[in-house]
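Below is one structure, written out as structure tokens; the observations come after it.
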Amino acid sequence: MSTAEAPDEDRRDFLYIATGAVGAVGAAALAIPLIDQMNPSASVLALASIEVDLAPIEEGQSVTVQWRGNPVIIRHRTAKEIEEAKAVNIADLPDPLARNANVADGSDATDANRVVDGKEQYLVQMGVCTHLGCVPIGNEGEYDGWFCPCHGSHYDTSGRIRKGPAPENLPVPEYKYLSDTKIQIG
Amino acid sequence: MSGHSTYNPTNPVMKWVDDRLPLPRLMYDSFVSYPVPRNLNYWYTFGGILMIMMVSQIITGIVLVMHYTPHVDMAFDSVEHIRRDVNFGNIIQKWHQVGASFFFIAVYIHIARGMYYGSYKAPREILWMLGVAIFLIMMATGFMGYVLPWGQMSYWGAKVITNLFSAVPFFGEAIVTWLWGGFSVDNATLQRFFSLHYLLPFVLVGVVILHVWALHVTGQNNPAGVEVKSGQDTVAFTPFATVKDAFALCVFFIIFAIFVFFLPDYLGHSINYEEANPLVTPEHIVPEWYYLPFYAILRAVPDKLLGVVAMFASILIWFILPWLDTSKVRSATYRPIFKQLFWLLMIDFFILGVVGANPPEGWWITVGQIATVYYFAHFLILLPLVGLLETPKPLPSSISDAVLAKNAGKQPAAQPAE
Amino acid sequence: MNMTKKLLVAIALGTSLVLSGTAAMAAGKQKKAEDISFSFEGVFGHFDRAQLQRGFLVYKQVCSACHSLNQMSYRNLSQPGGPELSAEEVKAVAAEYTVMDGPDSEGEMFERPALPADKFASPFPNREAAMAANGGAYPADLSLITKKREGFHYPWYVSPFIKLVKGNGGPEYVRAVLMGYQDPPAEAAQDAPEGRYYNPYFVAGPWISMAPPLSEDIVEYADGTKASVEQMATDVSAFLTWAGEPKMEQRKSMGFQVVLYLVILSILLFLTKKRVWGREPH
């Protein structure tokens with residue numbers, strides 16, 4: 001390598017740093033498309049919402065439909081189940097929040113905040129355990145609601161976590177009533 | 001050149017690692033202290049460019065596979081899905097597709113440079129032969145990759161090229177059926193091509209490692225074609241070659257980016273935007289541009305079997321190039337007649353390319369046949385003869401002398417270059 | 001650097017000549033489409049939103065009776081870089097069509113109004129049905145029509161250079177076919193095939209099965225533009241060009257950033273290289 005005088009040295013250092021910095025910025029920018037391509041594509045994001053007819057669901061029955069690749073549990077609850085759900089003291093719940101996409105964030109986990117007013121008999125919730133994503137089984141567990149067999153989480157008749165490792169209540173997806181017995185999820 | 005390692009880590013962590021697994025030492029000796037001839041010109045940067053292009057193709061290919069579906073009913077639509085819906089998919093897909101063309105542009109320059117400076121001669125025969133193997137793997141990979149979008153040219157290209165094997169005596173039919181996994185190019189064919197298109201690049205990486213290993217054993221050839229004699233003749237790989245390679249790479253990428261972003265379809269075939277239809281053949285079936293010269297050789301021979309043989313022979317002949325060239329002098333700079341022949345070969349190769357792109361009708365056939373004959377004559381007749389008959393110019397005594405002579409020549413304006 | 005120059009010239013000439021063939025090979029009897037200037041051409045080109053909206057109207061009211069647009073979804077109509085309809089307009093357009101869905105809980109397939117996420121409804125359930133309804137001729141899917149067809153054909157020795165600038169003339173091809181119906185010359189008229197029309201711009205021409213689709217004022221443009229055949233042909237060509245590559249504008253704008261960045265980095269690397277090599281003779 002050649003020897004250089006001091007002022008030359010400064011200019012050289014600056015040039016090297018500038019070149020290195022610009023190169024590093026480019027390398028970082030190059031990573032953006034390669035990483036972002038793994039995010040949901042436009043077609044996945046636009047996935048159609050689904051409509052479900054509630055009329056055929058008898059009292060005490062549940063149906064499971066698939067929405068955005070996940071199971072959605074729709075249960076026609078009995079009067080007893082609704083009663084039980086309403087009787088719970090919010091302060092006793094491990095997760096005091098409603099987890100309902102249709103009510104304001106931070107709402108209490110009352111049963112009323114988990115369903116649509118006037119349609120208390122229909123509970124619509126994601127069938128995805130908030131622990132590690134298994135599908136909870138209906139009419140099981142210590143609280144007459146759902147029980148996740150993977151790691152033993154117990155949910156009550158309003159889909160709220162009561163016992164076990166799951167940290168949150170089963171989330172309620174965005175949905176609305178199109179008619180008296182028809183809902184649109186998403 | 002493999003010599004005594006000068007790696008002396010100051011960082012205690014690196015020293016700890018180096019004592020247990022001398023990977024830092026290998027990297028240092030290969031890419032930092034490795035001595036390269038000081039007179040390497042920009043034609044010698046294409047090895048580095050090819051390395052980056054290979055990595056680029058593998059990375060974009062892995063990304064594309066995350067979204068592509070190798071099934072005849074879905075392949076075409078899944079490529080459109082990538083172009084339309086996947087985030088940055090339109091760029092990544094073209095980056096891979098145009099990237100294949102630029103990979104070949106670089107490899108052709110790299111091969112031509114090797115031929116011009118006699119880089120295949122002793123002691124670099126194995127280095128050269130590994131390079132020919134790399135080229136063959138690239139050809140196979142590129143061919144199978146072109147089938148995957150399942151457009152009209154994908155399908156008919158696959159059909160025509162696989163049908164080449166039907167020229168094999170006795171077993172031809174059986175071989176083709178076996179290649180297809182059916183009675184025509186179909187889903188089974190697409191899926192096996194997909195599998196192999198994913199596999200071959202990693203085979204390529206393996207052969208490239210051998211190629212670089214062989215290079216580091218013999219050291220680089222150089223424009224003067226004389227061996228390195230002393231430390232005076234070389235500079236350290238880093239920073240000298242590194243920064244020069246980086247600059248050349250960046251300029252190469254400017255052209256590459258212009259094609260990816262502004263001329264994405266220029267190097268392709270329009271008809272490949274039409275989904276494969278086994279019932280309708282496109283008017284003219286032509287391979288991608290980088291196969292055209294060899295395609296012309298195939299068509300120049302009127303016999304089916306001999307045409308196929310000629311086509312494969314036109315590449316395989318490079319394997320014995322080190323022994324066909326009888327000259328003791330490496331670089332064309334000091335071989336006045338060979339230099340002319342080299343350029344004639346380049347012109348001949350380009351003519352073959354043009355012939356390959358045009359329909360085999362009328363005078364194109366004659367031109368193709370003459371060019372094919374010349375191509376083989378260059379390697380089999382002219383090259384051995386000229387080595388014996390030609391009187392080379394006096395060689396410089398060392399690389400340093402060559403550099404000094406060149407730099408001295410730069411000063412007076414009237415002095416002819418080289 | 002005599003060799004450098006020679007090689008550069010040779011590479012430039014050689015590659016372009018080789019490429020020429022690929023482009024020139026399609027030259028048959030097809031008549032060259034008239035080259036017109038579209039707003040989306042060139043490195044700075046952008047789509048004209050109003051034109052895309054007019055073109056979509058022409059596709060919707062005329063072409064879609066027979067031609068599918070399989071790669072497109074209704075939602076594409078509102079994405080940036082396209083006709084940019086509002087979300088409500090897209091919903092309304094989609095709702096005009098029905099799509100097959102199902103099976104429902106009884107296992108029956110059912111029809112429902114299309115949603116923005118659905119693909120464009122196809123006029124025929126499959127290729128065979130399309131051919132049966134059109135006298136054996138298949139009405140091509142138009143998603144990539146401007147990419148797969150070429151309107152320009154030049155001699156092989158100039159083609160690569162011209163196409164470098166002008167492209168393949170796909171949009172011009174569509175426009176030329178739509179405007180290209182004419183009376184056959186006397187010698188051709190004698191053996192005119194039954195139910196086919198004379199159109200020398202058609203790729204497999206000069207006889208085409210498609211009846212002249214456009215006539216003056218066949219659509220009514222919302223923006224008051226006069227719906228002449230030429231206007232409609234031009235508009236729908238622009239729309240189909242967008243449909244062939246909905247993200248073209250994003251591609252070009254990103255291209256500018258990338259090329260600019262690479263030029264700056266190249267200059268810096270060149271200066272660094274000069275400095276590093278400084279007094280090393282080479």
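Chain identifiers are assigned alphabetically (A, B, ...) following the order of the sequence lines, protein sequences preceding nucleic acid strands; residue numbering begins at 1 within each chain. Just so you know, these numbers use all the heavy atoms, side chains as well, and skip hydrogens, waters and symmetry mates.
Between B:Phe247 and C:Phe270, the ring planes lie tilted relative to each other; the angle falls in the 30° to 60° range.
With a 4.5 angstrom heavy-atom cutoff, B:Val251 touches chain C via backbone and side-chain atoms both. With a 4.5 Å cut-off on non-hydrogen atoms, B:Phe76 touches chain C through its side chain but not through its backbone. Neither the backbone nor the side chain of C:Tyr261 has a heavy atom closer than 4.5 Å to any heavy atom of chain B. Both the backbone and the side chain of C:Val263 come within contact range of chain B, each with at least one heavy atom under 4.5 Å from a heavy atom of that chain. Residue C:Ser73: no heavy atom, backbone or side chain, is found under 4.5 Å from chain B. In this structure, no portion of B:Asp245 lies under 4.5 Å from any heavy atom of chain C. At a 4.5 Å heavy-atom cutoff, the contact between B:Tyr42 and chain C is made by side-chain atoms alone. Only the backbone of B:Val260 comes within less than 4.5 Å of a heavy atom of chain C; no side-chain atom from C-beta onward does. When heavy atoms are compared at a cutoff of 4.5 Å, B:Ile91 approaches chain C solely by way of its side chain, counted from C-beta outward.
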_Apply side chain to side chain contact (heavy atoms under 4.5 Å, CB included) to residues C:Leu144 and B:Glu80 and explain how you reach the verdict._
CA-CA 10 Å; C:Leu144 292 158; B:Glu80 281 305 309; 3.5 Å; yes

*Decide yes or no on side chain to side chain contact (heavy atoms under 4.5 Å, CB included) for B:Glu274 and C:Lys147, but give the supporting numbers first.*
CA-CA 9 Å; B:Glu274 182 156 328; C:Lys147 289 221 175 250; over 6 Å; no

*Before giving the answer on side chain to side chain contact (heavy atoms under 4.5 Å, CB included), spell out for B:Asp85 and C:Arg75 the whole-Å C-alpha distance, their side-chain angles and the decisive distance to 0.1 Å.*
CA-CA 11 Å; B:Asp85 291 334; C:Arg75 66 184 158 81; 3.2 Å; yes

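If you tally non-hydrogen atom pairs under 4.5 Å between each of B:Tyr273, B:Tyr108, B:Phe88 and chain C, the highest count goes to B:Tyr273. Considering only heavy-atom pairs separated by less than 4.5 Å from chain B, the leading option among C:Leu164, C:Ile267, C:Val43, C:Ile145 is C:Leu164. The residue among C:Arg149, C:Met248, C:Gln250 with the most heavy atom pairs within less than 4.5 Å of chain B is C:Arg149. Interface summary for chain B: among C:Ala243, C:Gly167, C:Gly170, the most heavy-atom pairs under 4.5 angstrom belong to C:Ala243.
Counting non-hydrogen atoms of neighbouring residues, nucleotides and ligands closer than 6.0 angstrom, the NZ atom of C:Lys166 reaches no more than 12 such neighbours.
For an aromatic pair to be called close, the ring centres must be under 6.0 Å apart, and C:Phe256 with B:Phe262 satisfies this.
The shortest non-hydrogen separation linking C:Lys163 to B:Tyr266 is C-CE1, 3.9 Å.
Proximity of B:Asn277 to C:Arg127: side-chain heavy atoms (C-beta onward) are separated by under 4.5 Å at one or more points.
Between the side chains of B:Asp77 and C:Gln71, at least one donor-acceptor pair of N or O atoms lies under 3.5 Å.
Rounding to the nearest 0.5 Å gives a distance of 4.5 Å between CZ of B:Arg38 and CD of C:Glu280.
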